[in-house]
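Only one structure is covered here, and it is reproduced in the block below.
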Amino acid sequence: MTCPPRTLVLPPRLTASARTLRATALRRGLRIVEATASAVPEGLGRPGWAEGTGRAGSTGCAGSAGHAGSDGHAVHLHAGPSFADVVAPTLGIALLEAPADWLARLPRTLTQRDIRATTIGEAYRLRRPAFVKSPNDKSISALVYADGSRLPGPDAVDPATVVLVSDVMTFAVEYRLHLLDGAVHAAGQYAEAGRLRLGPADGDALAFGRDVLAAAGETLPSAIVVDVGRDDEGRWAVIEANAAWASGCYSADPDRALETVLRAAGPATALSPHDRAFVR
């Protein structure tokens with residue numbers, strides 16, 4: 001069986017999760033290209049680059065999560081937003097992510113707290129503690145701020161920058177769900193009482209994930225990561241949505257996590273009509 005070459009592009013510095021996905025991709029026959037700086041590796045994207053650049057794994061098919069671009073080479077990416085924003089356009093990769101206000105538009109039954117999407121300029125007016133974060137990257141540190149005066153100032157951040165402002169909620173246990181094609185494709189625990197603690201996802205977490213998909217699945221791209229948690233009172237809530245291409249797999253099945261990543265950052269020419277609305 002002949003399959004188009006498939007390549008996974010990685011950033012210069014790999015996290016433990018990225019190393020896990022790298023090993024998984026190599027085992028499944030993907031070619032690996034690791035950048036040496038926060039820029040497109042030399043020659044990448046030009047005709048024939050897939051045959052002569054980067055560190056290659058074995059040849060062969062690696063599942064159905066990715067699709068070949070117009071030149072026959074399916075190129076995917078797993079990296080943080082800063083690197084991805086530089087590399088993806090050059091390689092024709094479409095980066096899927098949730099809408100910036102997705103969390104704020106969820107019903108209270110799924111969030112258990114008040115959440116609003118606003119500008120950081122408006123958030124400066126806060127006079128109470130609130131959890132504030134960037135919707136889809138780390139430009140604003142995700143923290144509980146005593147009030148709006150503690151946020152990064154206009155000298156550091158454009159006042160029009162969109163942020164999510166929410167009530168403070170403490171989670172007893174937190175899980176990462178890798179969602180693919182309207183189903184929980186992979187999952188695992190990543191925190192307990194606010195500290196890193198890896199483990200399997202329990203049945204209640206998976207069931208809540210299915211509830212989220214039933215209520216809001218159409219408002220998400222076909223591949224995304226959603227973090228959920230349970231508080232000390234037993235209430236389940238969505239914590240946030242993250243781009244799968246920039247998210248760690250923690251204790252989830254790496255093969256299934258990789259499949260989510262490949263869909264979330266693959267050839268723009270292979271986008272489904274549904275996913276076109278969720279390109280970064």
Can you list everything that forms a side-chain contact (heavy atoms from CB on, under 4.5 Å) with P152? Sequence neighbours excluded, please.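 side-chain contact (heavy atoms from CB on, under 4.5 Å) check on P152 returns I120, I140, Y145, V157.
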So, using salt bridge (charged side-chain N to carboxylate O under 4.0 Å, His left out) as the criterion, who are the partners of R105 when residues are at least two apart?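 Salt bridge (charged side-chain N to carboxylate O under 4.0 Å, His left out) list for R105, sorted by chain: D101.
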Using the side-chain hydrogen bond (donor to acceptor under 3.5 Å, both in side chains) rule, collect all pairs that involve residues 179-188, keeping only residues at least two apart or in two chains. D181-R263, H185-R256, H185-E259
Using the side-chain hydrogen bond (donor to acceptor under 3.5 Å, both in side chains) rule, collect all pairs that involve residues 203-212, keeping only residues at least two apart or in two chains.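 Matches after skipping sequence neighbours: none remain.
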Kindly give the cluster partners of W236, where membership spreads through any ILVMFWY side chain lying under 4.5 Å from a current member.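 W102, L103, L106, L110, I115, L164, V173, Y175, L177, L179, V184, L206, F208, V212, L213, L220, I224, V226, V228, V238, all in the cluster of W236.
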Please give the remaining members of the hydrophobic cluster of F131, linking ILVMFWY side chains under 4.5 Å, ordered by chain and number. V144, V168
Over all heavy atoms of both residues, which pair between [X] and [Y] is shortest? Give the atoms and the distance, please.
| X | Y | result |
| --- | --- | --- |
| P154 | Y124 | N-OH, 3.2 Å |
| S247 | A243 | OG-O, 2.6 Å |
| A223 | A264 | CB-N, 3.8 Å |
| C249 | S17 | N-OG, 2.7 Å |

Single-linkage hydrophobic cluster [X]~[Y], side-chain heavy atoms < 4.5 angstrom:
| X | Y | result |
| --- | --- | --- |
| L198 | I239 | yes |
| V225 | V261 | no |
| L258 | L10 | yes |
| L95 | L271 | no |

Roughly how far, to the nearest 0.5 Å, is [atom2] of [Y] from [atom1] of [X]?
| X | Y | atom1 | atom2 | value |
| --- | --- | --- | --- | --- |
| K138 | S134 | NZ | OG | 9.0 Å |
| R176 | Y190 | CZ | OH | 6.0 Å |
| D137 | E97 | CG | CD | 8.0 Å |
| L262 | L21 | CG | CG | 9.0 Å |
| L26 | I32 | CG | CD1 | 4.5 Å |

How far apart are the C-alpha atoms of H274 and E218, what are their side-chain angles, what is the distance that settles it, and do they pass the side-chain contact (heavy atoms from CB on, under 4.5 Å) test? CA-CA 9 Å; H274 173 80; E218 286 300 311; 3.9 Å; yes
Close side-chain approach of [X] and [Y], heavy atoms under 4.5 Å:
| X | Y | result |
| --- | --- | --- |
| P159 | E122 | no |
| W245 | I93 | no |
| S222 | F278 | no |
| L8 | H78 | yes |
| L91 | L77 | no |
| P135 | V162 | yes |
| L143 | V132 | no |

Write out all pairs satisfying salt bridge (Lys or Arg N to Asp or Glu O under 4.0 Å) with one or both partners inside residues 185-203, taking only residues at least two apart or from two chains.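 Listed by first then second residue: E192-R197.
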Among residues two or more places apart or on two chains, list those pairs meeting salt bridge (Lys or Arg N to Asp or Glu O under 4.0 Å) that have a residue in residues 83-95. D85-R280
Donor-acceptor contact below 3.5 Å, side chain [X] vs main chain [Y]:
| X | Y | value |
| --- | --- | --- |
| S166 | D114 | no |
| R19 | L14 | yes |
| S251 | G199 | yes |
| N136 | A98 | yes |
| H178 | A186 | no |

Please evaluate residues V279 and L96 with respect to the criterion side-chain contact (heavy atoms from CB on, under 4.5 Å), reporting the C-alpha separation (whole Å), side-chain torsions for both, the decisive distance (0.1 Å), and the verdict. CA-CA 5 Å; V279 176; L96 302 182; 4.1 Å; yes
Check this for me, if you would: do E34 and R22 make a salt bridge, where the nitrogen-to-carboxylate-oxygen distance has to be below 4.0 angstrom?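 Judged by the 4.0 Å cut-off on N to carboxylate O distance, E34 and R22 do form a salt bridge.
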How about CZ on R125, more than 12 heavy atoms from neighbouring residues, nucleotides or ligands closer than 6.0 Å, or not?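 12 or below, so no.
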According to side-chain hydrogen bond (donor to acceptor under 3.5 Å, both in side chains), who are the partners of [X], at least two apart in sequence or on a separate chain?
| X | value |
| --- | --- |
| R235 | D231 |
| N242 | D227, E240 |
| T111 | none |
| T15 | none |

Under the criterion side-chain contact (heavy atoms from CB on, under 4.5 Å), I'd like the reasoning laid out for H76 against R6: C-alpha separation, chi angles, the key distance, then a yes or no. CA-CA 8 Å; H76 306 269; R6 300 177 61 199; 3.7 Å; yes
Can a donor-acceptor pair be found between the side chains of D255 and T24 at a distance below 3.5 Å?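 No, T24 and D255 have no side-chain donor paired with an acceptor closer than 3.5 Å.
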Show your reasoning for whether side-chain contact (heavy atoms from CB on, under 4.5 Å) applies to D232 and F171. CA-CA 7 Å; D232 287 326; F171 293 94; over 6 Å; no
